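Take a look at the structure set out below.
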Amino acid sequence: MTTSDSSPVQRASEAFVAEFARWRVDRGMSKKQLAAAMGFDASYVSHVEARRHRPTEDFARRAEAILQSGGAIWQRYKEYDELRATARSRVGLPGRDPPVPDQWLPPGTGLVVERETARLSYVDGKYRCTVRRALYNAGTEPITRYLVRISVDRYPDDPARSNRHHRDHPLSWDELALVASCAGEPMEWRSKTDRDALKEAWLLFENAQGRFPLYPGQRTTIAYSWHISVEKWGHWFQRSVRLPTRQLTIEVEFPARMRPVVWGVQTTLSAEEVPLRTPITQELSADGRAVFSWHTETTALHDRYRLEWRFRGTRPLGAVEQPDDWEEPPYAQSSSTDAVRDAGVLQRGENVLDRPVRPLDLPAESGRAVDVVEKLATALDRVEALHPFVRGVGLAAPQVGDSVAVAVVRSGEPGADQVVLLNPRLVDQSDETDEEFEGCLSFYDVRGLVRRSRTVTVESSRSDGTRFIEVYRGSLARLVAHEIDHLDGRLYLHRMEVDAPLVPATE
C-alpha cells in the first residue's frame with residue numbers, strides 16, 4: 001500500500017476487518033474453525049484480522065457465504081475495494097484484482113436457489129400463490145425431490161384465535177390444488193406433512209413419462225402454484241430462506257379499487273423484526289391491478305421477509321371522506337359480480353365450491369334431482385337476462401349451494417334443448433385439444449386460458465337411474481367438461497398453466 005492511499009483505504013480496511021470479526025464472534029466460530037470452513041490455511045484468518053494480509057474479493061465472498069451476515073461483510077469489502085481501486089489508479093497501478101468468476105460456495109453446499117420470485121395475487125375472494133425458483137445443484141449428489149411448505153395463519157397477532165379458526169376450518173390438499181413443473185415438465189408431488197394449518201409436499205423430479213433428476217453442476221427452473229380462500233389466509237405473505245439464496249423477489253397483487261396499503265418487515269438470526277432495508281415499489285397495471293414488489297440480493301439462511309397489507313376500500317365520488325384506518329371487507333366485488341351473486345350463484349371462496357359432491361341415489365332421489373335442475377335453470381335464466389352468452393353457459397349444483405352431482409348446460413344455439421347432467425362421469429376424451437379463454441359464473445370478472453379436449457364422452461343417469469352415454473364436441477364439450485370439474489370440486493384455475501395470468505373480462 002502506498003503512502004498516498006493509506007488514510008481512507010486504511011480506514012475502509014479496518015471497517016471491513018471489524019465487521020468480519022464481529023460476525024465471526026457472533027456465529028461462535030474460532031479463527032481455526034472459520035478458516036477450515038472457508039477452505040483456507042488455519043493462519044490466514046488470523047493474518048487478515050491482524051491486518052497483515054489485505055482482504056481480497058475471494059476472501060470476502062467466502063466469508064459472506066459462511067458467516068451469512070446479510071450482506072454486511074460484502075458491503076464493507078465493496079467500500080474498501082472501491083477506495084483502493086481509486087487510489088491505485090491515481091498512481092498508475094492496476095485498480096482491482098482479477099474478478100472472481102462466480103460466487104464461492106462452501107463444500108457440500110448442495111442445492112442453491114439462484115433466483116426466486118414469489119407472487120401472491122388476490123382475485124375475487126381467493127389468493128393464488130405462484131413461486132418460481134432457478135436452482136443450481138452445487139452438491140455432489142443428484143437432486144430427485146424438492147420440499148415446499150405452505151403455512152397459514154388467519155390471525156397472526158392472535159395465535160389462540162388463529163389455532164381455533166384452523167381447527168374449525170382446516171387446510172386441505174384439495175382446495176390448495178397444488179401444481180408444479182420443472183422447465184415446463186409437469187412434476188408429481190407427495191405429501192410430507194398434513195396438518196390443519198401446515199402442509200409440506202415433496203415436489204418430485206419425475207412424472208408418468210419419466211424422471212429428470214438435477215445432477216451436480218446442472219441448473220433448472222421449477223414453478224409451483226396453489227390457491228386458498230381469504231377465510232384461511234391473513235393479510236401477510238412471508239418467505240423464509242431455507243437454502244442459500246442469491247436473489248429474492250416478493251410480489252403481492254390486488255385490485256387497485258381496494259386501495260391496498262403494503263409494508264414489509266424482516267427477521268434475521270441476529271436481529272428482531274425490523275422494517276425492510278429497502279423500499280417496496282408499486283406499479284398500477286392497465287387492467288386496474290396494484291402490484292407491490294420488493295427485491296434483495298443479500299439474503300441469509302433463516303432470514304424471514306414478510307409483506308403485510310390492509311385495504312382502505314373504495315369511495316364514490318363526492319362521498320364523505322373516511323378515516324385512513326377504515327377498511328373495506330376483502331370481498332369487495334365489481335357490480336357485475338354482485339349482479340351474478342344476486343342471481344343466486346355462489347362466488348369463489350365458498351367452501352362448497354372446493355369439495356367433491358355426492359352422487360344422487362337414483363331413482364330414490366329423483367324428486368331431489370328435479371328440484372335441483374329447476375333451481376339451476378332459474379339461476380341461469382336470471383344470469384342470461386344480465387348478459388347474452390352466445391357461446392353457451394352452464395351451472396353446477398355446488399354453485400347454487402347444493403352438494404349433489406347435478407349440472408345444467410345451455411349451448412347457446414337457438415332452439416337447442418339444455419343438457420341435464422345427473423351423476424355424470426367423463427369416460428373418454430379426444431387427443432385433439434384446443435386452448436381457449438374460459439369464464440366462470442362463480443368469479444365472473446376474469447377469464448383464464450385453459451386447454452381441453454375437443455371431444456368428450458360422458459356417461460350420465462336419467463332420473464329413473466338408467467345410464468346412457470353421450471358424445472359432446474367443440475364448445476359444448478368444453479362447457480360440459482367445465483361443469484363436471486365443478487362437481488369434482490375443481491375450478492378451471494386448476495387446469496391453467498402454473499404461470500398463466502387471469503385476464504379481466506373487459507379485455
Side-chain angles (χ1 to χ4, degrees), residues 123-127 165-178 194 196 199 226-233 331 333 337 340-383 393-410 418-427 438-444 456 458-467 479-495:
V123 180
D124 291 347
K126 270 205 172 184
Y127 288 105
H165 179 81
H166 292 299
R167 279 197 301 270
D168 295 337
H169 307 281
L171 193 62
S172 72
W173 284 115
D174 286 341
E175 69 179 299
L176 287 172
L178 174 66
D194 190 354
D196 291 347
K199 296 287 185 283
W226 45 266
H227 308 80
I228 192 168
S229 66
V230 294
E231 293 100 334
K232 298 181 183 179
W233 190 266
Y331 279 103
Q333 305 283 355
T337 296
V340 173
R341 183 193 290 109
D342 292 342
V345 181
L346 298 181
Q347 295 302 296
R348 190 156 59 121
E350 298 286 346
N351 290 333
V352 68
L353 297 177
D354 296 324
R355 299 170 182 168
V357 301
R358 70 168 181 85
L360 288 167
D361 180 13
L362 298 173
E365 290 188 288
S366 59
R368 175 79 187 278
V370 171
D371 290 343
V372 175
V373 169
E374 185 174 320
K375 186 175 180 180
L376 290 169
T378 300
L380 283 174
D381 289 342
R382 292 170 179 165
V383 168
V393 64
L395 202 57
Q399 294 176 277
V400 294
D402 287 287
S403 190
V404 292
V406 182
V408 171
V409 173
R410 295 177 179 176
Q418 66 183 14
V419 175
V420 176
L421 302 169
L422 305 179
N423 296 344
R425 183 173 68 92
L426 190 66
V427 295
E438 283 189 19
C440 181
L441 294 177
S442 289
F443 45 110
Y444 182 74
V456 297
V458 176
E459 183 184 39
S460 301
S461 291
R462 300 181 179 90
S463 58
D464 62 4
T466 58
R467 303 286 286 176
L479 286 165
V480 167
H482 178 111
E483 300 310 324
I484 291 176
D485 276 351
H486 270 301
L487 301 180
D488 291 334
R490 178 184 294 161
L491 302 178
Y492 74 71
L493 298 172
H494 305 159
R495 296 196 178 275

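As a basis for the values below, the full set of heavy atoms in this structure was taken, side chains included, without hydrogen atoms, waters or symmetry mates. All residue numbers refer to positions in the sequence shown, counting from 1. Computed from a predicted structure; not experimentally measured.
With rounding to the nearest 0.5 Å, the separation of CG in Leu493 from SG in Cys440 is 8.0 Å. How far CD of Glu365 is from OG of Ser463: 12.5 Å, rounded to the nearest 0.5 Å. The CG atom of Leu178 lies 10.5 Å from the NE2 atom of His494; values are rounded to the nearest 0.5 Å. Note: Leu395 CG to Leu376 CG = 5.0 Å, rounded to the nearest 0.5 Å. Distance check: Arg355 CZ to Leu487 CG gives 15.5 Å after rounding to the nearest 0.5 Å. Between atom NE2 of residue His482 and atom CG of residue Leu479 there is a gap of 8.0 Å, rounded to the nearest 0.5 Å.
Side-chain atoms of Asp464 and Thr466 include a donor-acceptor pair closer than 3.5 Å.
Annotation: side chain of Leu422 is in contact with side chain of Val373 (closest heavy-atom distance under 4.5 Å). Here the side chains of Arg495 and Glu438 are not in contact, with every heavy-atom distance at 4.5 Å or above. Using a 4.5 Å heavy-atom threshold, the side chains of Leu491 and His486 count as touching. Looking only at side-chain heavy atoms (C-beta outward), Arg410 and Asp381 come within less than 4.5 Å of each other.
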What pairs of donor and acceptor atoms, side-chain ones from residues 397-408 against any protein atom, are under 3.5 angstrom apart with sequence neighbours left out?
{"residue": "Gln399", "atom": "OE1", "partner": "Ala396", "partner atom": "N", "Å": "2.9"}
{"residue": "Gln399", "atom": "NE2", "partner": "Ser442", "partner atom": "OG", "Å": "3.0"}
{"residue": "Asp402", "atom": "OD1", "partner": "Arg368", "partner atom": "NH2", "Å": "3.2"}
{"residue": "Asp402", "atom": "OD2", "partner": "Lys375", "partner atom": "NZ", "Å": "3.0"}

Salt bridge (charged side-chain N to carboxylate O under 4.0 Å, His left out) between Lys232 and Asp196, worked out
CA-CA 10 Å; Lys232 298 181 183 179; Asp196 291 347; over 6 Å; no

In sequence, state the C-alpha distance, the side-chain angles, and the governing distance for Tyr444 and Val383, and then conclude on side chain to side chain contact (heavy atoms under 4.5 Å, CB included).
CA-CA 11 Å; Tyr444 182 74; Val383 168; 5.7 Å; no

Stepwise, does the side chain to side chain contact (heavy atoms under 4.5 Å, CB included) test hold for Asp194 with Lys199?
CA-CA 5 Å; Asp194 190 354; Lys199 296 287 185 283; 2.7 Å; yes

Before you tell me yes or no, could you show the steps for Arg490 and Asp354 under side chain to side chain contact (heavy atoms under 4.5 Å, CB included), namely the whole-Å CA-CA distance, both residues' side-chain angles and the distance that decides it to 0.1 Å?
CA-CA 6 Å; Arg490 178 184 294 161; Asp354 296 324; over 6 Å; no

Could you go step by step and tell me if Tyr492 and Asp485 meet the side chain to side chain contact (heavy atoms under 4.5 Å, CB included) rule?
CA-CA 8 Å; Tyr492 74 71; Asp485 276 351; 5.9 Å; no

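With Arg382 contributing its side chain and Val345 its backbone, the two residues share no donor-acceptor pair below 3.5 Å. Put simply, the side chain of Glu175 never gets that close to the backbone of Trp173: no donor and acceptor are under 3.5 Å apart. Using a distance-only test at 3.5 Å, with no hydrogens or angles considered, a donor-acceptor pair links the side chain of Gln347 to the main chain of Leu441.
Contacts of His165 classified as ring pair (Phe, Tyr, Trp, His ring centres under 6.0 Å), with partners at least two apart in sequence or in another chain: Tyr155, His169.
The local environment of CD in Glu459 is crowded, with over 12 non-hydrogen atoms from other residues, nucleotides or ligands closer than 6.0 Å.
Nearest heavy atom pair, residue Leu346 against residue Leu353, reads O-CD1, 4.1 Å. Considering all non-hydrogen atoms of both residues, Pro356 and Asp488 come closest at CG-O, 3.6 Å.
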